[in-house]
Amino acid sequence: QAQLVESGGGLVQTGGSLRLSCAQSGRTFSHDVTAWFRQAPGKERQFVAAISRRTGATLYSDSVKGRFTISRDNAQNTVDLQMNSLKTEDTAVYYCATQPAWHRISVQVVKAYSTWGQGAQVTVSS
């Protein structure tokens, strides 16, 4: 059974850092793409970053580029999201998700992902 479990969320002040981790198991091993999305209250879920298991290629949304770094450890089957210089607008529930293949457009699309974690709350206070 495919499973994704996020950890590492919490409360931090503006300018601080947090690191999220997504532990993967089951058939997600065969999925090339792992991505992070986030959803703030009353807003749609939005793409944050993605990484390819096969090539290591990464993609970031403009809103986090230069502040967030996505990385993966294939031996441990984990994907991390290092978040620096956090802003209040980064407050959201963060989800990791996987899809089988890397396509530059679909990696940013919520509906392209078949497996999701339960989410981790990140709150940035001013």
Side-chain angles (χ1 to χ4, degrees):
Q1 183 177 358
Q3 189 173 18
L4 300 172
V5 179
E6 300 97 337
S7 61
L11 173 65
V12 66
Q13 290 188 328
T14 301
S17 298
L18 280 175
R19 189 176 184 91
L20 299 177
S21 186
C22 174
Q24 303 179 272
S25 62
R27 62 180 172 85
T28 59
F29 292 166
S30 66
H31 290 181
D32 184 39
V33 184
T34 302
W36 287 95
F37 287 78
R38 66 187 182 187
Q39 188 165 19
K43 296 189 177 181
E44 293 186 352
R45 194 167 296 189
Q46 65 175 198
F47 171 78
V48 175
I51 189 167
S52 166
R53 173 191 295 269
R54 185 175 60 86
T55 67
T58 59
L59 186 67
Y60 296 91
S61 68
D62 288 343
S63 61
V64 307
K65 198 175 297 181
R67 300 188 299 122
F68 291 12
T69 302
I70 190 170
S71 60
R72 70 171 303 124
D73 183 331
N74 286 342
Q76 297 294 324
N77 291 309
T78 57
V79 172
D80 290 353
L81 185 69
Q82 177 66 41
M83 304 182 292
N84 298 329
S85 303
L86 282 162
K87 307 175 182 180
T88 54
E89 52 263 43
D90 294 319
T91 295
V93 177
Y94 283 70
Y95 298 90
C96 66
T98 63
Q99 64 169 292
W102 180 282
H103 300 287
R104 185 171 178 84
I105 300 301
S106 69
V107 294
Q108 304 179 62
V109 177
V110 171
K111 292 183 178 180
Y113 288 82
S114 54
T115 306
W116 292 83
Q118 82 288 352
Q121 178 69 48
V122 171
T123 303
V124 184
S125 64
S126 59

*asked:* Under the salt bridge (Lys or Arg N to Asp or Glu O under 4.0 Å) definition, can you give me all pairs with a residue in residues 29-46, not counting sequence neighbours?
replied: Arg38-Asp90
*Just wondering, do Tyr95 and Val110 contact through their side chains at under 4.5 Å, heavy atoms?*
no
*Using a 4.5 Å cut-off on heavy atoms from C-beta on, say whether the side chain of Cys22 contacts that of Trp36.*
yes
*asked:* How long is the straight-line distance from OG1 of Thr58 back to NZ of Lys65, given to the nearest 0.5 Å?
replied: 9.5 Å
Determine all donor-acceptor pairs shorter than 3.5 Å in which one atom belongs to a side chain in residues 117-126; sequence neighbours excluded.
residue: Gln118; atom: NE2; partner: Glu6; partner atom: O; Å: 3.3
residue: Gln118; atom: NE2; partner: Glu6; partner atom: OE1; Å: 3.4
residue: Gln121; atom: NE2; partner: Ala92; partner atom: O; Å: 3.4
residue: Gln121; atom: NE2; partner: Thr123; partner atom: OG1; Å: 3.3

In a table with atom names and distances, give each donor-acceptor pair under 3.5 Å that connects a side chain of residues 97-104 to protein atoms at least two apart or in another chain.
residue: Thr98; atom: OG1; partner: His31; partner atom: ND1; Å: 2.7
residue: Gln99; atom: NE2; partner: Ser106; partner atom: O; Å: 3.1
residue: Gln99; atom: NE2; partner: Tyr113; partner atom: OH; Å: 3.3

_Partners passing side-chain hydrogen bond (donor to acceptor under 3.5 Å, both in side chains) against Asp73 (at least two apart in sequence or in another chain)_ = none
Under a 4.5 Å side-chain heavy-atom rule over Ile, Leu, Val, Met, Phe, Trp and Tyr, are [X] and [Y] clustered together?
X     : Y     : value
Tyr60 : Val79 : yes
Ile70 : Leu20 : yes
Leu18 : Val93 : no

*Would you please say whether a donor-acceptor pair under 3.5 Å links the side chains of Gln24 and Thr34?*
yes
*Could you give all pairs that pass the side-chain hydrogen bond (donor to acceptor under 3.5 Å, both in side chains) test and reach residues 9-21, with sequence neighbours left out?*
Ser17-Asn84, Arg19-Asp80, Arg19-Gln82, Ser21-Asp80
_Run the side-chain contact (heavy atoms from CB on, under 4.5 Å) test on Phe68 and Leu86 for me, step by step, so that the C-alpha distance in whole Å, both residues' side-chain angles and the decisive distance to 0.1 Å come before the verdict._
CA-CA 9 Å; Phe68 291 12; Leu86 282 162; 3.8 Å; yes
_Partner set under ring-ring contact (aromatic ring centres under 6.0 Å, His included) for Phe47, not counting sequence neighbours_ = Phe37
